[in-house]
Amino acid sequence: MTRFAVLISGKGSNLRAILDFWANPPIAYPAHLSAPVLVVSNRPGVPGLAVAEAAGVPAQVVDHTAFSSRAAFEEALDATLRRHEVQWLVLAGFMRLLSPEFVRRWAGRMLNTHPALLPAFPGPRGPADAVAAGVKVSGCTVHFVDEGMDTGAIIAQAAVPVLDTDTAESLGSRIRRVEHRIYPKVVAKVLAGQFRVEGRVVHLEGGGP
Ligand code: GAR
């Protein structure tokens with residue numbers, strides 16, 4: 001059984017989608033081979049913590065503002081993860097940049113969902129940047145986390161049309177709905193080992209989600 005933690009910083013709607021999926025996985029997806037054993041937030045009091053508690057998954061806060069350096073924060077985060085014997089990390093709206101040292105420690109075992117079609121619009125404002133650029137299509141990307149900012153190998157993507165009337169908020173919320181549909185499935189497949197990597201190209205068994 002592969003043990004994974006979900007890292008959050010805010011609302012936790014993707015966390016909720018993951019926990020709902022794990023509560024009732026479709027037969028084609030081997031979610032039973034892994035288990036969400038812990039939720040960690042770097043911000044206290046965020047709604048995502050209540051999402052974890054409602055699902056009965058242990059939730060911990062490692063508040064980055066309580067540490068004097070990124071290294072000290074990450075050491076505490078890593079210690080929490082080790083205490084729970086976590087093997088994989090699933091980032092779901094985790095808005096803290098992780099150092100290359102931390103990323104190397106978890107290399108190949110850390111996934112993220114990003115609200116844009118990478119490599120377009122990396123960084124913390126994916127939907128706002130897409131609206132400002134006037135693109136007609138954006139979407140979401142599930143990728144491995146590497147040492148760069150949203151530069152890891154892409155596992156799955158889904159497109160979302162950008163409307164002339166869109167704001168960052170309206171586009172972001174439509175993108176989130178698509179993330180909720182694809183992220184849990186991709187997490188389930190990857191954690192079950194149903195993928196292979198050839199250079200930059202990740203092949204999911206049975207194709208995309
Ligand atoms: C999601 O759209 C996720 O892709 C994004 O934050 C949102 C979190 O929503 N992540 C990033 O922008 C990371 N660069 P949630 O807390 O409701 O899951």
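All residue numbers in this chain count up from 1 along the given sequence. First listed ligand is number 1; within each ligand, the first listed atom is number 1. Quick note: numbers below take in every heavy atom, side chains included, and nothing from hydrogens, waters or symmetry partners. Treat the numbers as computed from the prediction; the structure is a model and nothing was measured.
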Legend entry - Rounded distance [0.5 Å steps], CG in Leu98 versus CE in Met149: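 These two atoms lie 11.0 Å from each other.
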Do any nitrogen or oxygen atoms of [X] come within less than 3.5 Å of a nitrogen or oxygen of ligand 1?
| X | result |
| --- | --- |
| Glu179 | yes |
| Gly12 | yes |
| Asn14 | yes |
| Asn112 | no |

Legend entry - atom 6 (O) of ligand 1 [closest protein heavy-atom partner, distance rounded to 0.1 Å]: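 Checking every protein heavy atom, the shortest distance to atom 6 (O) of ligand 1 gives Gly93 CA, 3.7 Å.
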Legend entry - Protein residue, atom and distance nearest to atom 17 (O) of ligand 1, heavy-atom basis: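 In this structure, atom 17 (O) of ligand 1 has Ser13 OG, 2.5 Å as its nearest protein heavy atom.
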Does [X] come within less than 4.0 Å of ligand 1, judged by its heavy atoms?
| X | answer |
| --- | --- |
| Met95 | yes |
| Thr113 | yes |
| Cys140 | no |

Inset, instruction - Could you see which bit of Lys11 sits under 4.0 Å from ligand 1, with heavy atoms only: side chain, backbone, both or neither? - result: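 Answer for Lys11: both.
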Tell me whether [X] contacts the main-chain N or O of [Y] through its side chain, where contact means a donor paired with an acceptor under 3.5 Å.
| X | Y | result |
| --- | --- | --- |
| Asp129 | Gly126 | no |
| Ser41 | Pro44 | no |
| Arg3 | Glu85 | yes |

Inset, instruction - Classify the ring geometry between His114 and His143 as parallel (under 30°), tilted (30 to 60°) or perpendicular (over 60°). - result: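 His114 vs His143 ring planes: perpendicular.
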Inset, instruction - From the options Arg176, Arg125, Arg16, select the one whose nearest heavy atom is closest to atom 9 (O) of ligand 1. - result: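 Closest candidate by heavy-atom distance is Arg176.
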May I ask you to list the atoms of ligand 1 that are less than 4.0 angstrom from any heavy atom of [X]?
| X | answer |
| --- | --- |
| Pro115 | 2 (O), 4 (O), 5 (C), 10 (N), 11 (C), 12 (O) |
| His114 | 4 (O), 14 (N) |
| Gly123 | 14 (N) |

In terms of side-chain geometry, is the basic nitrogen of [X] or [Y] positioned less than 4.0 Å from the acidic oxygen of its partner?
| X | Y | value |
| --- | --- | --- |
| Glu205 | Lys189 | no |
| Asp78 | Arg83 | no |
| Arg43 | Asp63 | no |
| Arg16 | Asp20 | no |

